[in-house]
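When a residue number appears, it is its place in the shown sequence, counting from 1. Whatever order the structure lists them in is the order used to number ligands and atoms, beginning at 1.
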Amino acid sequence: MKDFRFGTPKSIGQVTAYLAKPGVDARVMGGGTDLLGEIKEGTAVPDVVIDLKAVPGLAYIRKEADGIAIGACTTVADLAEDPLIAQDYRGLHEAALVVASPQLRNMGTIGGNLCQRPRCWYYRDAATVCNKKGGSRCFAEQGRNKYHAIFGGGLCWAVYPSDLAPALIAHGAAAVIASPQGERTIPLAEFYAPPIVNVRKENVLGRQDVLREVRLPAAKKGDRSAYLKFTERGAWDFAVVSAAVRAEFDGRSVADIRIVCGGVAPVPWRLTAAEDALRGRSVTESSAAQAAARAAADARPLAENGYKVDILKAVVARAVLAAARP
Ligand SMILES: Cc1cc2nc3c(=O)[nH]c(=O)nc-3n(C[C@H](O)[C@H](O)[C@H](O)COP(=O)(O)OP(=O)(O)OC[C@H]3O[C@@H](n4cnc5c(N)ncnc54)[C@H](O)[C@@H]3O)c2cc1C
């Protein structure tokens, strides 16, 4: 492991100034539960690690006039335990509860969870130079691909591992990004970049940018949501397939719905065909199963991950039914 310097900035301005230094590979660290693994594995070789937790005032969950503001250094555990989130954003609450283990939820931050790198075994092997590391192929495409993407593959078939990202996107969250030029706010759905846009990174952050805050719109009366995650192990595991659903109802029928999956594509994956199939209909076992089957018809599995398509159908149908329950 190469030595690195450890930066303890006192403001976001100092963080972005560190990041802007030319010729220096600087990485921000929230809880370090992913970044330190990458450094040990040799897939990240930074000159400087910038401790975001040293910046005062970045850990908060605040009710504001137009919704909820969540600071980037808020831990996943604090998010899971927050009563406002549990009451009005049930899908997000359920997602936070199933991230990793209690120890990792106590250390890991929402910013780090949303910016974590994929768990693809080819990407995580420092000696394997795949497209994501400047190489010229994706080794999973013809190689071992049991856990890889069934949607949106091509240049890279790694899946995006975050549990919070699908739930936050389903709830219509936005990302507040700080840079030396100031701040900008974008929908979290647009924060993620598929491989065709940038195969080296999973999001649109420039090298001087930092995710400072996540904003949730005010919950509407009658909003319902759920998050379901299928894992191989009972605990401490990444999603094989997960589904976040948030719906608004007009009487018994679906007025609006968002279904976003994790573990199935290089970025959180919205199932618009399933959403269209449910809009204007009431949610029953049959309509939920039909919508899930519509979504699954677009899947393009690889040699070893066809089983994910059946799991997707079950997880999506059950998440839709769970969200519809008052
Ligand atoms: C055994 C194990 C199991 C896990 N299981 C799950 C799981 O089930 N579900 C799940 O969602 N995750 C899981 N994780 C992944 C991850 O560790 C956690 O999700 C955690 O929340 C990451 O947060 P962190 O603050 O520790 O990230 P860090 O390690 O500090 O950072 C992760 C990445 O994000 C970047 N980053 C951090 N904060 C910011 C920011 N504010 N702006 C820009 N970039 C930033 C870092 O540079 C780094 O590249 C698991 C990890 C391990 C080790």
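- Here K229 does not pair with E94 in a salt bridge; the nearest charged N to carboxylate O distance is not below 4.0 Å.
- Nearest protein heavy-atom neighbour of atom 31 (O) of ligand 1: G112 CA, 3.9 Å.
- At the top of the distance list for atom 35 (C) of ligand 1, counting protein heavy atoms only, stands C115 CB, 3.7 Å.
- For atom 5 (N) of ligand 1, the closest non-hydrogen atom on the protein side is A100 CB, 3.2 Å.
- Of all protein heavy atoms, the one closest to atom 41 (N) of ligand 1 is L211 O, 2.8 Å.
- Those atoms of ligand 1 that come under 4.0 Å of a heavy atom in D34, given as number and element, are 17 (O), 29 (O), 32 (C).
- Donor-acceptor pairing under 3.5 Å is recorded for the side chains of E38 and T43.
- In this structure, R105 has no heavy atom closer than 4.0 Å to ligand 1.
- With ligand atoms numbered from 1 in the order given, ligand 1 contributes 43 (C) to contacts under 4.0 Å with heavy atoms of L205.
- With respect to atom 51 (C) of ligand 1, the closest heavy atom belonging to the protein is F238 CZ, 3.7 Å.
- Contact atoms of ligand 1 toward G108: 20 (C), 21 (O), 23 (O), 24 (P), 25 (O), 26 (O) (distance under 4.0 Å to a heavy atom of the residue).
- We find that E275 and R294 are not joined by a salt bridge, their nearest charged nitrogen and carboxylate oxygen being 4.0 Å or further apart.
- Nearest protein heavy-atom neighbour of atom 28 (P) of ligand 1: G32 N, 3.5 Å.
- Listed by atom number, the atoms of ligand 1 under 4.0 Å from S162 heavy atoms are 11 (O).
- Side chains of Y227 and P166 form a contact here, defined as non-hydrogen atoms less than 4.5 Å apart.
- The atoms of ligand 1 that sit less than 4.0 Å from any heavy atom of A72 are 41 (N).
- Those atoms of ligand 1 with a heavy atom of L52 less than 4.0 angstrom away are 40 (C), 41 (N).
- Counting atoms of ligand 1 from 1 in the listed order, those under 4.0 Å from a heavy atom of V210 are 40 (C), 41 (N), 42 (N).
- The ligand atoms of ligand 1 that sit less than 4.0 angstrom from a heavy atom of M29 are 30 (O).
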